[in-house]
Each structure stands twice: as C-alpha cells, then as structure tokens.
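Since the structure comes first, as structure tokens, the remarks are kept for the end.
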Amino acid sequence: MKKIISLGIAAAIAAALSVPSAMAGETLDRVMSNKKLVLSSDPEYPPQSFLNNDNQMDGFDIDVAKEIAKRLGVELEIITPAWDIITAGNWGGRWDISVGSMTPTKARAEKLDFPAIYYYTPANFAVHNDSSATKMEDLDGKVIGSCGGCTYEAYLKKNLVIDAVGTPKFDYKVTPGEIKTYDTDTTAFDDLRIGDGARLDAVFSALPTIKEAIKNGYPLKVIEPAAFYEPLSVAVDKGDPEFSAKVAEIVKAMHEDGTLSELSMKWYDADLTKAQ
C-alpha cells in the first residue's frame, strides 16, 4: 500500500542514506530510556492517518501505534517526514518506527526490517458513478490514476512483487491504456470526481481509502472484487534485532487478544487482520 507523498529532494534522500544504521539494541534502548516512541506518519491518508477536527493525528494506523507504545510503557510522539524518506531507511534515530500501512516488498526489505504484519487491505478500482464499467476487464485500455511509486502503480505495470509469507496469490486483470501517477490518492480522486473520462476513467487504490472518499462525498463506486490483497507491516530501521523482536511480540499479542480486530472494525467496519 501507500504512495509517495512527494518526489522528495534528492539531497535530503542522500543525507538520509548517509546516516549509519542503528546498532544492535540501540533503538530499543533509546525508546525505553527516553520513555518515548517516535512514529513517522502521514497526516493526509484517511482513514489510516490524518489530522482530525481537533488538529490531532487520528486513524487506524495511529491507534495501532498508540497501542504499541502503551504496551512498551512509553509515550507516543508523531512526526511526518515524506514517504520516500521513510522508505529509504537509515533513519539515524530521527524516528523509531513506521506504522504506516507499508507493504513489505523485497526492494524495501533491503533498507528496512518488517517485524510484524498487522492487517491486509484489498486493492480495488474506483470509477465515477456515471461510468458503465462493472468489472475490472472493462478498464482495459482506459486511463487509470494511481499513486506514484507504490504497489498499485507496480500492479498496473504488471511488475508487482510481494513476497511476504501468507500473501494471497493474484492475477493481472487490467491492461491500462495510460497510467497517470499522483502524489496522493486524494488528488487522483479529485481528477476522477470531475466526470467519467474527463481526466481519468478509474483510480486504483486501497479499498478503505476509496470508501473514505465516497463517505466524504466523492461520486465514486467500487469495482469488485479486489484485484489483490496486500499484507501491511510495521517497519523499523535495520540493525536492531532486539527492537524488531519486541515489536513482533507486541503485535502478535494484539492479534491474539483481538485488539487489532477491534481497531479494524472501528475504522473499516470489517476485520482486515486476516488475509482473504
């Protein structure tokens, strides 16, 4: 899941890459010593993470991160670096964890560790209410919008590789005529809401994100079934197996005691904590 919020600044990425990875135990020691877990998050990705009417970060991912911090016995602090900086790895202690609906791809695993999958999300196509499309195959040859540099764009290009254990198999059922990429899913929805075929024929995104747009008045409808299901994982910087093990232990307990299912029902009206 997830999108590139911005292309970022090459110099900033280079600087991030130049910071040494965490030494074993360093992240866990810092978190427990400071009594604070620093989360990198996105303020514009509802219902996963967003600024609510009280100007506070809210959403499914935020609630999951709060629970992890609670079980560590520390406070949660939230910062909002760009997505490309987060996925570049080598965080250098600027933040400790990403609970950001990140898909654990092979390429990302070269930079980050993925200690625990906490839910799965359906990837669906959305079309304007005026569209005659009723199934994925109706979108062959059409102009489809997607987040740039994300798993949805990779699917449309037919080069998506998700090698996490337990990932449901999928087929490529749509061959776009043109792929338009956007910094955020919301911007793509803005182009689709103008009218069927005006700028886009469809948008490919996470089903919860599409439903949130519809809830907010966007004239869209969902094409069923889902094209694929994504495992979404907590991510941490490489180099601290103790921290990874502790996070894995906490998330496992949250699965087993029903906490993750409860949070999923709260935000999605569905239990997305198991692969379909």
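No experiment lies behind these values; they were computed from the predicted model shown. Residue numbers start at 1 and run along the sequence shown.
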Could you measure the distance from the CD1 atom of Ile68 to the NZ atom of Lys70? Nearest 0.5 Å is fine. 13.0 Å

Tell me, please, which residues at least two apart from Trp95 pass side chain to side chain donor-acceptor pair (under 3.5 Å). none

Parallel, tilted or perpendicular: rings of Phe228 and Phe170 (30°, 60°): tilted

One thing to verify: whether Asp237 and Arg94 come together as a salt bridge, which I'm taking to mean a side-chain N less than 4.0 angstrom from a carboxylate O. no

Answer whether the closest heavy-atom distance between the side chains of Val234 and Tyr118 falls below 4.5 Å. yes

Could you go through Asp42 and Trp83, starting from their C-alpha distance and side-chain angles, then the distance that decides it, and tell me whether this counts as side-chain hydrogen bond (donor to acceptor under 3.5 Å, both in side chains)? CA-CA 8 Å; Asp42 181 350; Trp83 180 247; over 6 Å; no

Taking side chain to side chain donor-acceptor pair (under 3.5 Å) as the test, write out the residues that go with Lys135, two or more places apart. Asp138

List in chain and number order the residues that pass salt bridge (Lys or Arg N to Asp or Glu O under 4.0 Å) with Glu77, two or more places apart in sequence or in another chain; answer none if no residue qualifies. Lys36

Quick check: Tyr268 with Phe60 (ring centres under 6.0 Å apart)? yes

Before accepting this row, confirm whether a basic side-chain N of the pair Lys246/Glu242 lies closer than 4.0 Å to the acidic partner's carboxylate O. no

Begin from the C-alpha positions of Ser49 and Met57 and carry the test side-chain contact (heavy atoms from CB on, under 4.5 Å) through to its verdict. CA-CA 7 Å; Ser49 54; Met57 289 293 290; 4.2 Å; yes

For Glu153 and Tyr182, test the side chains for any donor-to-acceptor distance below 3.5 angstrom and give the result as yes or no. no

Extract all donor-acceptor atom pairs below 3.5 Å that involve side chains of residues 192-206 and protein atoms in other chains or at least two apart in sequence.
{"from": "Arg199", "atom 1": "NH1", "to": "Asp191", "atom 2": "OD1", "distance (Å)": "2.8"}
{"from": "Asp201", "atom 1": "OD2", "to": "Val143", "atom 2": "N", "distance (Å)": "2.8"}
{"from": "Ser205", "atom 1": "OG", "to": "Asp185", "atom 2": "OD2", "distance (Å)": "2.5"}

Result block: side-chain N/O donor-acceptor pairs under 3.5 angstrom for residues 210-218, not counting sequence neighbours:
{"from": "Asn216", "atom 1": "ND2", "to": "Glu212", "atom 2": "O", "distance (Å)": "3.2"}
{"from": "Tyr218", "atom 1": "OH", "to": "Asp190", "atom 2": "OD1", "distance (Å)": "2.6"}

side-chain contact (heavy atoms from CB on, under 4.5 Å) partner of Ile223, the single match among Val174, Thr134, Val127: Val127

Counterpart residues, salt bridge (Lys or Arg N to Asp or Glu O under 4.0 Å), relative to Lys252 (two or more places apart): Glu256

